[in-house]
Amino acid sequence: MWEKDEYLQFMYERLLIMRELLADTGSIFLHCDWHKNAHLRLILDEIFGEENLRNEIVWHYHDKFATGGKSLDKNHDTIYHYSKSADFTGNEVRIQKEETTKRALRKKVDGKTVNLLDEDGNKIYAEYSDKVIDDVWDIGRTISKNEYVDYPTQKKEELLERVIRYGSNEGDLVLDCFVGSGTTCAVAQKLNRRWLGCDINKGSIISTTERLNRTIKEQMKENLFGKDFKGFTAFKVYNVNHYDVFNNDLQARQLLIETYRIDELSRGDFDGTLGQDYVKIISPNRVLSKMDIAEIIDAIKKNKDLFTVKTASKQKENTFENKVVVICSGAELDVRDFAKKENKTGVEIEIRDIQTDKKELDFKKPTEASISYITKGKTLSVEVKDYYSPLLMKRLELENDGRLSMKERVNIFDYRQAIEHIVIDVNYGEGQKKADTSFNAEAFLHKEKKGELVETAYSHTYERGGTYTVAVKIVDVLGEEYFETHEITVK
Ligand SMILES: C[S@@+](CC[C@H](N)C(=O)[O-])C[C@H]1O[C@@H](n2cnc3c(N)ncnc32)[C@H](O)[C@@H]1O
């Protein structure tokens with residue numbers, strides 16, 4: 001998808017930020033294949049300094065069949081390890097070997113490695129069933145069934161386990177800024193590290209969220225969140241754009257058409273009309289780019305007869321009565337400037353950004369819930385009695401549009417169908433001091449199987465009487481969240 005050097009520029013900008021964010025004793029591991037590894041290494045050298053290149057790790061996928069041919073099969077990737085400084089975390093990682101080997105014991109004396117000898121001057125041998133890892137990692141690509149999450153670029157946990165064990169300590173913070181299926185975060189969670197993950201793909205966030213919920217739930221079941229636990233006991237999903245509103249491009253388009261009352265056109269270069277103007281809708285899952293503007297200019301030129309001449313000019317281009325309205329969600333910084341300079345058609349291009357032009361939009365109404373809190377002695381019973389998401393209802397309405405029979409229609413008969421999971425913190429605020437997290441989940445109510453309804457009631461008995469803040473978070477099937485806190489007193 002990248003043109004010429006765009007990819008390298010994209011990586012360069014992000015790697016600069018990664019260096020800024022990295023702890024002084026931190027490391028970055030950049031995974032790439034043969035296409036651009038040479039270019040990326042030079043960029044990394046420039047940003048992190050050649051002297052901070054610790055290793056060029058070769059990930060050899062031994063389970064990939066070599067088909068032969070004139071050029072050899074490409075069966076390895078590269079993982080560049082750079083540290084921010086000479087003082088970095090680099091732990092010894094030992095892995096099991098398939099066969100044990102016998103080796104002479106050695107030690108370092110004055111910088112030289114010498115054999116250890118017994119009283120009679122003979123070498124001392126020992127059997128080794130494990131070894132310290134070096135910079136060639138033989139790790140297969142095949143993902144086992146219990147790890148598989150159906151994400152196209154999923155990495156094996158074994159690979160990330162090695163990186164995380166080697167480059168960080170328990171309690172450290174691990175970031176994967178292209179988190180994909182969430183392997184890095186899941187492994188970090190299991191290894192007692194704190195973590196952050198980001199991805200531009202909504203599917204990635206859903207996969208990762210589900211995977212981490214499962215991981216945390218298993219850890220809870222095994223009672224792993226004791227005093228020594230330095231990781232997170234819960235997490236939060238943040239949206240940095242309005243991508244969450246739009247899962248499906250067609251639905252999103254439909255929402256915009258309805259909201260702006262656009263008369264839809266089923267063919268041609270424009271999506272509809274608004275009065276006498278022509279409308280172009282840009283997928284709200286991405287920002288408006290200069291390329292879009294260039295295409296719109298071409299479309300205007302191609303369809304000049306759709307526009308009514310206001311003033312005819314001999315020297316310059318004519319000006320026109322009607323214009324093109326572009327509806328988008330976010331725009332590249334210089335798009336307006338670009339449109340002004342490049343559009344010499346005489347037809348005005350008006351850009352309406354729904355992120356700033358919110359007055360007509362009503363799809364982002366907050367979710368609602370009704371929750372009861374009943375105390376008896378030291379026991380608190382919490383129950384989610386109702387949940388309502390306007391966005392979900394709107395989606396269903398669109399989905400069902402045109403489906404006449406009840407069988408075809410998707411309906412919500414029980415509010416619990418809309419809920420993906422419920423997380424409850426029975427002593428909210430306390431967790432902040434304890435584990436450096438804002439939410440310390442005591443209960444995680446989750447569907448056991450697809451299609452099942454979530455459990456909505458939970459009881460907790462406090463050890464001591466007092467006043468507590470209870471926090472409840474509901475996450476629905478679209479990833480929308482509801483959050484409330486409630487103060488209770490137990491005797
Ligand atoms: C190779 S995959 C990551 C695989 C991941 N480590 C795993 O185990 O599944 C790359 C990811 O980068 C994401 N991505 C691409 N461009 C991005 C951007 N500008 N910001 C954030 N994520 C991006 C893609 O959506 C994709 O999930």
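Atoms within each ligand, like the ligands themselves, are counted from 1 in listed order.
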Taking all non-hydrogen atoms of both residues into account, name the closest pair between K155 and T183 and its distance. O-OG1, 3.2 Å
Which heavy atom of C328 sits nearest a heavy atom of I351, and at what distance? SG-CG2, 3.9 Å
Quick check on contacts: which atoms of ligand 1 are under 4.0 angstrom from a heavy atom of D176? 6 (N)
Short N or O distance, S181 and ligand 1, threshold 3.5 Å exclusive: yes
Looking at ligand 1, does any of its N/O atoms fall within less than 3.5 Å of an N/O of I200? yes
Looking only at protein heavy atoms, identify the closest one to atom 27 (O) of ligand 1 and say how far it is in Å. Y151 OH, 2.6 Å
If I apply the N/O under 3.5 Å rule, does T183 come out as touching ligand 1? yes
Backbone N or O of T184 within a donor-acceptor pair of the D176 side chain at under 3.5 Å? no
Just need the protein heavy atom nearest to atom 17 (C) of ligand 1, so name the residue and atom and give the distance. F178 CE2, 3.5 Å
Atoms in ligand 1 with a heavy atom of F10 nearer than 4.0 Å: 19 (N)
Between V149, T208, V179, which one has a non-hydrogen atom sitting closest to atom 5 (C) of ligand 1? V179
Which heavy atom in I164 sits nearest to a heavy atom in A188, and how many Å separate them? CD1-N, 3.8 Å
Testing the basics here: between K190 and Q219, what is the closest heavy-atom pair and its distance to 0.1 Å? CA-NE2, 3.6 Å
Is R253 salt-bridged to D271, going by a charged N under 4.0 Å from an acidic O? yes
Judged by non-hydrogen atoms, does L160 sit under 4.0 Å from ligand 1? no
Can you sort out which atoms of ligand 1 are near K155, meaning under 4.0 Å from one of its heavy atoms? 4 (C), 6 (N), 7 (C), 8 (O), 9 (O)
Give the residue and atom name of whichever protein heavy atom lies nearest to atom 25 (O) of ligand 1, and the separation in Å to one decimal. D199 OD1, 2.6 Å
In terms of relative ring orientation, are W195 and F232 parallel, tilted or perpendicular, with 30° and 60° separating the classes? perpendicular
Under 4.0 Å from one or more heavy atoms of T153, ligand 1 contributes atoms 1 (C), 2 (S), 3 (C), 4 (C), 7 (C), 9 (O)
I need the minimum non-hydrogen distance between Y166 and N55, along with the two atoms involved. OH-OD1, 4.2 Å
So, regarding S204 and ligand 1 (criterion: nitrogen or oxygen to nitrogen or oxygen, under 3.5 Å), is there a contact or not? no
So, do W59 and R141 sit near enough that their side-chain heavy atoms are less than 4.5 Å apart? yes
Run the numbers for me: atoms of ligand 1, each under 4.0 Å from some heavy atom of C177, listed by number. 21 (C), 22 (N)
